[in-house]
Number of protein chains: 4
Amino acid sequence: MSTFGQYFRVTTYGESHCLSVGAIVDGCPPGLPLTEDDIQPQMTRRRPGQSALTTPRDEKDRVQIQSGTEHGFTLGTPIALRVLNEDQRPRDYGDSTMDKYPRPSHADYTYQMKYGIKASSGGGRSSARETIGRVAAGAIAEKYLKLAHGVEIIAFVDSVGDEHLFPPTPTHPTAATNPVYLELLNTITRKQVDSFLPVRCPNEEAASRMADKIAHYRDQKDSIGGTVTCVVRNCPVGLGEPVFDKLEAMLAHAMLSIPATKGFDIGSGFGGCAVPGSIHNDAFATAPAIEPSVTGLRQQQNGTVGPRLTTKTNNSGGIQGGITNGAHIYFRVAFKSPATIGQAQSTVSYDAVNGVLEAKGRHDPCVVPRAVPIVEAMTALVLMDADLSQAAREHSKSRLGTQ
Amino acid sequence: MSTFGQYFRVTTYGESHCLSVGAIVDGCPPGLPLTEDDIQPQMTRRRPGQSALTTPRDEKDRVQIQSGTEHGFTLGTPIALRVLNEDQRPRDYGDSTMDKYPRPSHADYTYQMKYGIKASSGGGRSSARETIGRVAAGAIAEKYLKLAHGVEIIAFVDSVGDEHLFPPTPTHPTAATNPVYLELLNTITRKQVDSFLPVRCPNEEAASRMADKIAHYRDQKDSIGGTVTCVVRNCPVGLGEPVFDKLEAMLAHAMLSIPATKGFDIGSGFGGCAVPGSIHNDAFATAPAIEPSVTGLRQQQNGTVGPRLTTKTNNSGGIQGGITNGAHIYFRVAFKSPATIGQAQSTVSYDAVNGVLEAKGRHDPCVVPRAVPIVEAMTALVLMDADLSQAAREHSKSRLGTQ
Amino acid sequence: MSTFGQYFRVTTYGESHCLSVGAIVDGCPPGLPLTEDDIQPQMTRRRPGQSALTTPRDEKDRVQIQSGTEHGFTLGTPIALRVLNEDQRPRDYGDSTMDKYPRPSHADYTYQMKYGIKASSGGGRSSARETIGRVAAGAIAEKYLKLAHGVEIIAFVDSVGDEHLFPPTPTHPTAATNPVYLELLNTITRKQVDSFLPVRCPNEEAASRMADKIAHYRDQKDSIGGTVTCVVRNCPVGLGEPVFDKLEAMLAHAMLSIPATKGFDIGSGFGGCAVPGSIHNDAFATAPAIEPSVTGLRQQQNGTVGPRLTTKTNNSGGIQGGITNGAHIYFRVAFKSPATIGQAQSTVSYDAVNGVLEAKGRHDPCVVPRAVPIVEAMTALVLMDADLSQAAREHSKSRLGTQ
Amino acid sequence: MSTFGQYFRVTTYGESHCLSVGAIVDGCPPGLPLTEDDIQPQMTRRRPGQSALTTPRDEKDRVQIQSGTEHGFTLGTPIALRVLNEDQRPRDYGDSTMDKYPRPSHADYTYQMKYGIKASSGGGRSSARETIGRVAAGAIAEKYLKLAHGVEIIAFVDSVGDEHLFPPTPTHPTAATNPVYLELLNTITRKQVDSFLPVRCPNEEAASRMADKIAHYRDQKDSIGGTVTCVVRNCPVGLGEPVFDKLEAMLAHAMLSIPATKGFDIGSGFGGCAVPGSIHNDAFATAPAIEPSVTGLRQQQNGTVGPRLTTKTNNSGGIQGGITNGAHIYFRVAFKSPATIGQAQSTVSYDAVNGVLEAKGRHDPCVVPRAVPIVEAMTALVLMDADLSQAAREHSKSRLGTQ
């Protein structure tokens, strides 16, 4: 299914060789100020070629809003988003290497097996180009969340190959227990992240190690993987649906739907398995007061506004029982080494004949820097959907008065 | 939302203090042989108290089919499943410790903030008891997948705390590249897993280390986490929907919806980020022929049955571009250390007053052994849903004839 | 699919020969006062045998809440509802008439063709018994709508065979233009409707004509159809989703999902096709002021509360562009003559052999009186779902402040 | 929600003053031959101005496929469809009559109340222009159904005002019992329907009466309603989901989602309420043999192919228990008189000030002729979705072998 979300529904379309790619966003609240200028920056961050960031008037990957806004505000009706494919000519089936061989660890073979159709682009929808619609839709969600709640979503690279920003140690098998890490989550900004281009790891020494690592594999016509961390600040309390649609489950779903991802963990994550409960448990503490306007359902318990709590530690990653508790949400996403490499690969053809496949042209030796805005976009879509679901609950409960 | 799946839709209900818990399974194919005897074994494996497994006539957690079957076959109509709660009396709100304090790293606080209601059971739906409906529904899906495709789903414990069955090494930062691990995935059976009770780690030496680790924390009134690996054999090719509902995304969603989970990775996973593309790529190879009856859409390409391919390595974990390629699917799930511990914890009350919470009674110092059947059940639900989706595609395409 | 609704999701289960029938209601707002006593009255109105209404303690069709409430309030978690089937033994396949012949205009043949399974009850899910879950769920929705908005939903019989309460005339090809009809819609109560048992047509003369008509067909071992009108008063403005899920579309969907229905029209309906636009158009008028607390989004236009409008006539039936305008919603539902009749019918067997089918036992010669609570229940489900959808929109827009 | 269908999912976008209108079709089977030429004819039939039909190269409302096809075949990925709005400039809010007054029986007022936004086009999504996306998507569904099953879908006008093609009579309170009507349903073609332009009622005498009726109201600057009948031939047996998604419920939903509709009935419909069961029941008869390849699930009952049945009469309209029985499906849809009329109307402004609204320009005095392709499109969407759902069931059951 090419739709994500129950309340803020994003449906994307497009493969690499068609006329355009894009999305329809259905369920956006009416009255949100919105123009293409709100969307384009993340589109540009996602684009290939980091130097593009400094090109002020780049015409590529320009998004155009087709519907759903007027005079700079959303109408509450579907917002269609469209980006032209610049060279969309489908290739003829021919004798070329790529037509003969399913590329190893690409989607060529599985798409053909699933659809019984050999598309000129191989697994066309599995192309990174498909993420354009997600990033555009995510920018709309992010704008709403920022205006309505002050939500901040920042992703950054935290490892490339075996180079880590916070490598696990015996004391800190998970960075979640490391105060330096937690402080970074408190303060990191998108601007800081982009200042460490091309790696987008917000630490000079680590960024340098990672850049060297990428260069090493690039020079060998090889590729390497890495991980991205994302933190969400100022998330409202109470988001996430119990049982199947726990917030971490939706985030995991969203992240593993990004091409080339192999893993997701939240809060203390995999490393936290080695932390005993006595340390891992996040004891409660009294939180600083905030304005009643943003307190949600907790106001309605016994007709009074109870005190707001927070946690002393945050191994939970801001989510308990599938529901946000107001602490920062943070999680990691693992990206594999890109499947397209310059080295020759021994494999078999669609017809099961042994042969050698050699990729031509330029390729990206590590995807994590460009994955940063995609991770942010998918995070925004998950939160927006959860927020609308909870808005229905809160508002419908409030009509009952205090029981 | 308490529903999982688009085609094989499972809706669960129930919290710890209500009359019964259970599920409605909608969309099950008609004509499947099914009685309670197909469901009960996994229910029993999930139960607290591993010795229960050896009790031949245990009356607890007995599932009863309410509808949707007749004369031992499914009718194609909704199958309602019900298990009585044995002590379902809701507690009165009182002065007890648990009524005053939201338990750290439990769902008490977030449920109250989300719903504005203080349930006697705290975060009632977040209780492990909710998983009963999932396990029952999963057993139905598993029966279908076994009969229709020969699918085998086996989960086992692969780490407890810092004790691993396959610890990462410089040579094998991920077990995915380790032939010993791959051989285990080829051969492991559910019976073998259960022979290593209470730990369910299928290796005598490792199981012993893990059992010691659990005992260590239990003796300290503490708890510890761990990881579960799950392998799926004989999965049909072509399952998984591109873009948002990639099979790994659905698996991640399913796994992170299980209480106490903190992470998911598939194939080479997090460790695979350090493996360069030249090694990580799974080159294709010719697969042994199988019966045409199970070949699906690939038959229809150009009107002929093409050769079946497989991969020489399996760092992809059986999924490429979100779609199964016929190789074993395998993934890991991280479970945190249980939040309920015997030690006293300094925290604050709902009213933001500092205090100390002490849990009473017995508690489970490590959940991973009991999580095994839950992981298997959720895996079955994901595969079943994907299989029905692909069945619609295959069958509808076949009606067009060869284009 | 056995689920109705996107936000207030009702999933039913059960056929006539299984253990129990019921439903899971997911998405109910937390904090709604709810016990079985809120549900049972509509269950009893739906039951066969109108005299049952006067039996104070009838034990049949007793609904039992399984989950989702505590201390008389909803928790916000799924509410499971269950009613035992009293004689649920599936019949053995045998030589009986009903096993040989698919009953004309029943679902026996189509169920067998759809599922490839011959159930002992024929089209088991098509039985009127399936509506028990709907009526139970509808009673919960109705309670919420009443408490939150003062919504009133009243259905009554308006024709049996060719006997009409408001037969079409040249002046009034539709009752929608008849002031007497509109006044009835203003004032009718459920109590009044039930005072005209067994016909439930709230007019002594018409009820008498209809009762005679039913008796006539009953005496001939025959059956007859009829129509039910339903009116909704005090419906909030703004419910209904544009395009595919217009409120009238959802109502039509809901009504045509009730067994034995053949038609639906709203407002002026089919008769209104003959009314020219100059008369049919509902000119606007100023509405009496109501409390700001129930005014919804209209408050937010330009930051001020605009005046509330109403319409001078109501040929629209309270819905314009798929969205409620605050006027009464009213619509008609056509029910065919029951397919089970006492007369012998010439037909063919499943094996295509000519023969004669004779039904045994008592049967209901006209279903419309008992359909009244089912129509009300489905109406409540539609409105409840639309109300939660709009609650999300209103609440999310309000967070943006005045733009 | 702007999405229709669970398996063949159509999401539309666009209002009258935006850049383009269109749709994304997700879930289309791969391998379907498809180009714009398959879609354009129905787009053209839908357009204003019937003479457009004879213009061979009209550039207006030209649909362009954005994605999802290659070399003239569908890929199985989302098909995006786009039609430019030729004059898409949003009007400034000003002092014009239409900005001051919500148009009676239009959606201006309800859209503003729902969204809290005053769009320049009033209820922009409620415009007939929104139906472009539906018609385009419907043409794709229709093409599949034709190729896979030989399905034929033909709609025609059967009444305008009080002029009927088959007026109810004492003998035939419903046309369903009239052999002349049934014969018309057997034979009518789309070409015949279009030969009776501009009325699209396939009977010279009736078409003439209706044309006069329309002219009468047009000359008075007034408007008039009418009904459209639609027949489906060669529909597969077994389509339609029991309980909530009965096929007639889905059709009713689809039809009442078309702008300006007020009613739906199927088979004998409202008139059939007066037909006693002894006549109304459709006795079974042996059907002519058809090829086993199209027999579906019925083959699998006891491992043998049973004989195919049909019905002697067809008061059911081809659907029993919500499931198709192989007989023709036929139903009626009521359209109100258009709300835009040339006469002055006394109403109140948004600010509740009395005044007079006068519409300018040309308007359509009766919409039913243009509604014909829209009714056909929505019918195709319903059948396509039901067909994919049943394809999943049939194919998944077939994998179990004969039980």
K.L.:
Who among B:Pro104, B:Ala260, B:Ala287 has the most heavy-atom pairs with chain A under 4.5 Å?
P.N.:
B:Pro104
K.L.:
Name the region of B:Asn354, side chain, backbone, both or neither, that has any atom closer than 4.5 Å to a heavy atom of chain A.
P.N.:
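Contact with chain A involves no heavy atom of B:Asn354 at all.
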K.L.:
Decide yes or no for B:Tyr115 and A:Lys397: does some side-chain heavy atom of the first lie under 4.5 Å from some side-chain heavy atom of the second?
P.N.:
no
K.L.:
Ignoring hydrogens, what is the shortest heavy-atom contact between A:His280 and B:Ser337? Give both atom names and the distance.
P.N.:
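Looking at all heavy atoms of both residues, the closest pair is CB-OG, 3.6 Å.
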K.L.:
Using only heavy-atom distances, determine whether the side chains of A:Ser278 and B:Asp222 contain a donor-acceptor pair under 3.5 Å.
P.N.:
yes
K.L.:
Can you tell me which of B:His106, B:Arg332, B:Lys213 forms the most heavy-atom pairs within a distance under 4.5 Å of chain A?
P.N.:
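Of the candidates given, the most pairs with chain A belong to B:Arg332.
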K.L.:
Given heavy-atom pairs under 4.5 angstrom as the criterion, report whether the side chain, backbone, both or neither of B:Thr311 touches chain A.
P.N.:
neither
K.L.:
Say you draw a straight line from CD of B:Gln390 to CE of A:Met113; how long is it, rounded to the nearest 0.5 Å?
P.N.:
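That separation rounds to 10.5 Å.
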K.L.:
Between B:Phe284 and A:Tyr109, which heavy-atom pair has the shortest distance, and what is it?
P.N.:
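The pair with the smallest heavy-atom distance is CZ-CB, 3.5 Å.
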K.L.:
Name the region of A:Val275, side chain, backbone, both or neither, that has any atom closer than 4.5 Å to a heavy atom of chain B.
P.N.:
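Just its backbone gets close to chain B.
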K.L.:
Roughly how far, to the nearest 0.5 Å, is the CD atom of B:Glu248 from the OG atom of A:Ser257?
P.N.:
9.0 Å
K.L.:
Tell me, for A:Phe335 versus chain B, whether the close heavy atoms (under 4.5 Å) come from the side chain, the backbone, both or neither.
P.N.:
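Only the backbone of A:Phe335 comes within 4.5 Å of chain B.
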K.L.:
Below 4.5 Å from any heavy atom of chain A, which atoms of B:Pro242 appear? Answer side chain, backbone, both or neither.
P.N.:
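It is both, since atoms from each part get that close.
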K.L.:
Please report the shortest heavy-atom distance between B:Val243 and A:Thr12, naming the atom on each side.
P.N.:
CG1-OG1, 3.9 Å
K.L.:
Given heavy-atom pairs under 4.5 angstrom as the criterion, report whether the side chain, backbone, both or neither of B:Glu163 touches chain A.
P.N.:
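No part of it gets close to chain A.
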K.L.:
Looking at B:Pro365, B:Gly321, B:Gly322, B:Ala283, which one has more heavy-atom pairs under 4.5 Å with chain A than the rest?
P.N.:
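The candidate making the most pairs under 4.5 Å is B:Ala283.
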K.L.:
Tabulate below the donor-acceptor pairs under 3.5 Å that side-chain atoms of residues 249-256 of chain B make, not counting sequence neighbours, or state none.
P.N.:
residue	atom	partner	partner atom	Å
B:His253	ND1	A:His253	ND1	2.7
B:His253	NE2	A:Phe244	O	2.9
B:His253	NE2	A:Asp245	OD1	3.1

K.L.:
Looking only at atom types and distance, does a side-chain atom of B:Ser316 sit under 3.5 Å from a main-chain N or O of A:Ser105, one as donor and one as acceptor?
P.N.:
no
K.L.:
By a 4.5 Å heavy-atom criterion (distance strictly below it), what part of A:Gln343 contacts chain B: side chain, backbone, both, or neither?
P.N.:
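Side chain only.
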K.L.:
At what distance, to the nearest 0.5 angstrom, does CG of A:Asn281 lie from CZ of B:Arg103?
P.N.:
11.0 Å
K.L.:
Select, from B:Gly267, B:Ser349, B:Pro102, the one with the greatest count of heavy-atom pairs under 4.5 Å involving chain A.
P.N.:
B:Pro102
K.L.:
Determine the minimum heavy-atom distance between A:Cys273 and B:Ala334, stating which atoms define it.
P.N.:
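Smallest interatomic distance, heavy atoms only, reads SG-CB, 3.6 Å.
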K.L.:
Quick one: what part of A:Pro276 sits under 4.5 Å from any heavy atom of chain B, side chain, backbone, both or neither?
P.N.:
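Both parts, backbone and side chain.
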K.L.:
Answer with side chain, backbone, both or neither: which region of A:Thr3 has an atom nearer than 4.5 Å to a non-hydrogen atom of chain B?
P.N.:
backbone
K.L.:
Top residue by heavy-atom pair count (under 4.5 Å) with chain B, among A:Gly225, A:Ser346, A:Gly277?
P.N.:
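Top count of heavy-atom pairs under 4.5 Å with chain B: A:Gly277.
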K.L.:
May I ask you to name which of A:Ser268, A:Gly271, A:Gly240, A:Gly272 has the most heavy-atom pairs under 4.5 Å with chain B?
P.N.:
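Highest number of pairs under 4.5 Å: A:Gly240.
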K.L.:
Using 0.5 Å steps for rounding, measure from the NZ atom of A:Lys336 to the CG atom of B:Asn315.
P.N.:
9.0 Å
K.L.:
Residues two or more places apart in sequence or in another chain: which of them pass salt bridge (Lys or Arg N to Asp or Glu O under 4.0 Å) with B:Glu130?
P.N.:
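Checked B:Glu130 against salt bridge (Lys or Arg N to Asp or Glu O under 4.0 Å); matches are B:Arg134.
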K.L.:
A:Leu239 versus chain B, heavy atoms under 4.5 Å apart: side chain, backbone, both or neither?
P.N.:
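Answer is backbone: N, CA, C or O of A:Leu239 sit under 4.5 Å from chain B.
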K.L.:
Of the backbone (N, CA, C, O) and the side chain (C-beta and beyond), which part of A:Lys312 lies under 4.5 Å from a heavy atom of chain B, both, or neither?
P.N.:
side chain
K.L.:
Of the non-hydrogen atoms in A:Gln320 and B:Thr110, which two are nearest, and what is the gap between them?
P.N.:
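Minimum heavy-atom contact is O-OG1, 2.7 Å.
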K.L.:
Among A:Glu241, A:Met378, A:Gln345, which has the most heavy-atom pairs under 4.5 Å with chain B?
P.N.:
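Top count of heavy-atom pairs under 4.5 Å with chain B: A:Glu241.
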K.L.:
Is a side-chain N or O of A:Lys262 found less than 3.5 angstrom from the main chain of B:Gly269, in a donor-acceptor match?
P.N.:
no
K.L.:
Indicate yes or no: at least one non-hydrogen side-chain atom of A:Thr261 is less than 4.5 angstrom from one of B:Lys246.
P.N.:
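Side-chain contact under 4.5 Å: no.
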K.L.:
Under a 4.5 Å cut-off applied to non-hydrogen side-chain atoms, are B:Asp162 and A:Pro173 in contact?
P.N.:
no
K.L.:
At a 4.5 Å cut-off on heavy atoms, which part of A:Thr131 comes close to chain B: side chain, backbone, both, or neither?
P.N.:
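Neither part.
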K.L.:
Any idea which heavy atoms bring B:Gly263 and A:Asp265 closest together, and the distance?
P.N.:
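Where B:Gly263 meets A:Asp265 most closely, the heavy atoms are CA-CB, 3.6 Å.
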K.L.:
Output the option from B:Ile279, B:Thr347, B:Leu309 having the highest count of non-hydrogen pairs under 4.5 Å with chain A.
P.N.:
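Option with the top pair count is B:Leu309.
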K.L.:
Heavy-atom distances under 4.5 Å only: say whether A:Ser159 touches chain B with side chain, backbone, both or neither.
P.N.:
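Answer is neither: A:Ser159 stays 4.5 Å or more from chain B.
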K.L.:
Please classify the contact between B:Thr324 and chain A as side chain, backbone, both or neither, with a heavy-atom cut-off of under 4.5 Å.
P.N.:
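For B:Thr324, the backbone is the part near chain A, not the side chain.
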